[in-house]
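Quick note: numbers below take in every heavy atom, side chains included, and nothing from hydrogens, waters or symmetry partners.
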Amino acid sequence: MPELPEVETVTRQLSAVIADKIVQKVTVFKSKSWVGEVVKVEGQQIKEVSRRSKIIRLRFADNLNILIHLKMSGQLIFVDGQTRVGGGHPTADWTNHLPSKHTRVMFKFTDGTQLFFNDQRIFGWMKVMNDEEVAQEFALLAPDANSSEITLPYFAEKIAKRNVPIKQLIMDNQVIAGVGNIYACDALNLARISPLRPAASLSPVEQKKLLESIQTVIALGIQKGGATVHGKYVHVTGMSGHYQEVLRVYGRKGEPCPNCGAPIQKIKLAGRGTFFCPNCQV
DNA sequence: TTAACTGTTGATAC
DNA sequence: AGTATCAACAGTTA
């Protein structure tokens, strides 16, 4: 999916265009993509759009919310017929032909604007929840990677006694929330730490360097509007992000390491494609 | 053609 | 508990 920076970008853009709008009609094309009763949200006004980890929250009045997880291939595309967010025009023609065959849920607002939830792989979801259910869902998560709650003592304690490879741990939402495969690979390269290292083997200096590196790449990802890698993740306008232009190692097998110039290697770790520099990431 | 790959994360089994 | 594997799905790439 979209990892924290991508979801943060979508959340900010969405907030700018759909806050205060009133849902007129929700059309569910794929029942698996929607959990809850459509009638609960029809006629309701969106009060706030926010994000926790990789989950987007649409908050309505009266104890009503929709949580959205984009998983691997979800997109939220806002269309108002003429102008689009940021005044830009979507690069892809498909934004002019919505709903598409990948549109799973469609919102129509009372002012005639529309929001499309497209999700090729159908892993993503939208769930209608009350405030308590939202709180329960969020309580399962560690603090967000870009939150001040992730302190060095917290991080060090979380990874101290674990034998799993460090990359696996920094992608664990119960350890630090929002870091996925792309930013995990890049953070480890920036910290010059091998993804294979058992978490407990990191020295205090390495723990500090890794946490700072995670915070750095996540912040850069947000600043760049997220990474559009295989045309999957896009902004609510259909436009691409820019982090893919500054990727350190992710997807760059054979290319020179930004630290030392040695060729980047790709391995499989815990079932996930993992890019790193075997020369300087030790 | 077939197999393996893909940005997530849950359920399951040891 | 901590860890490893697989499944959910559809499409692309080797």
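- To the nearest angstrom, P of B:dG7 lies 22 Å from CD of A:Glu8.
- For the P atom pair drawn from C:dC6 and B:dA4, the interatomic distance equals 12 Å after rounding to whole Å.
- Separation of the P atoms belonging to C:dG11 and B:dT9 is 22 Å when rounded to the nearest angstrom.
- Distances shown here put a side-chain N or O of A:Lys54 below 4.0 Å from the OP1 or OP2 atom of B:dT9.
- Checking the phosphate oxygens (OP1, OP2) of C:dT3, a side-chain nitrogen or oxygen of A:Arg162 falls inside 4.0 Å.
- Dashed line: the shortest gap from a side-chain N or O of A:Lys232 to OP1 or OP2 of C:dT12 is not under 4.0 Å.
- Counting to the nearest Å, the C1' atom of C:dT3 and the CE atom of A:Met171 are 16 Å from each other.
- Between A:Ile218 and A:Asp144 the shortest side-chain heavy-atom distance does not fall below 4.5 Å.
- Taking 4.0 angstrom as the limit, A:Arg272 places a side-chain polar atom (N or O) nearer than this to OP1 or OP2 of B:dG7.
- OP1 or OP2 of B:dT8 has not a single side-chain nitrogen or oxygen of A:His69 nearer than 4.0 Å.
- Across all strands, A:Gly124 comes closer than 4.0 Å to no nucleic acid atom at all (heavy-atom distances).
- Remark: the A:Glu6 side chain and the A:Tyr183 side chain contain an N/O donor-acceptor pair separated by less than 3.5 Å.
- Separating the CD atom of A:Gln120 from the P atom of C:dA8 is a distance of 17 Å, rounded to the nearest angstrom.
- Using modelled atom types and a 3.5 Å distance limit, the side chains of A:Lys127 and A:Asn65 yield no donor-acceptor pair.
- Taking atom CD1 of residue A:Ile122 and atom P of nucleotide C:dA8, one finds them 13 Å apart after rounding to whole Å.
- A:Lys266 has no side-chain polar atom (N or O) that falls below the 4.0 Å cut-off from OP1 or OP2 of B:dC5.
- Counting atom types as modelled, A:His230 pairs a side-chain N or O with a base atom of B:dG7 as donor and acceptor under 3.5 Å.
- Nucleotide C:dG2 holds its C1' atom 15 Å from the CD1 atom of A:Ile166, rounded to whole Å.
- Within 4.0 Å of A:Asp119, counting heavy atoms only, lies no atom of the nucleic acid at all.
- For B:dT9, the OP1/OP2 oxygens have a side-chain nitrogen or oxygen of A:Asn173 closer than 4.0 Å.
- A heavy-atom distance below 4.5 Å is found between the side chains of A:Tyr243 and A:Ile182.
- In this structure, A:His102 reaches the C:dG11 phosphate: one of its side-chain N or O atoms is under 4.0 Å from OP1 or OP2.
- Mapped onto DNA chain B by nearest heavy atom, A:Glu137 and A:Thr274 fall at different nucleotides, with A:Thr274 at the one closer to the 5' end.
- A salt bridge links A:Arg57 to A:Asp131: one of the charged nitrogens lies within less than 4.0 Å of a carboxylate oxygen.
- With the 3.5 Å cutoff on both pairing distances, Watson-Crick and G-U pairs in DNA chain C assemble into runs of at least 3 at B:2-6 with C:10-14, B:8-14 with C:2-8.
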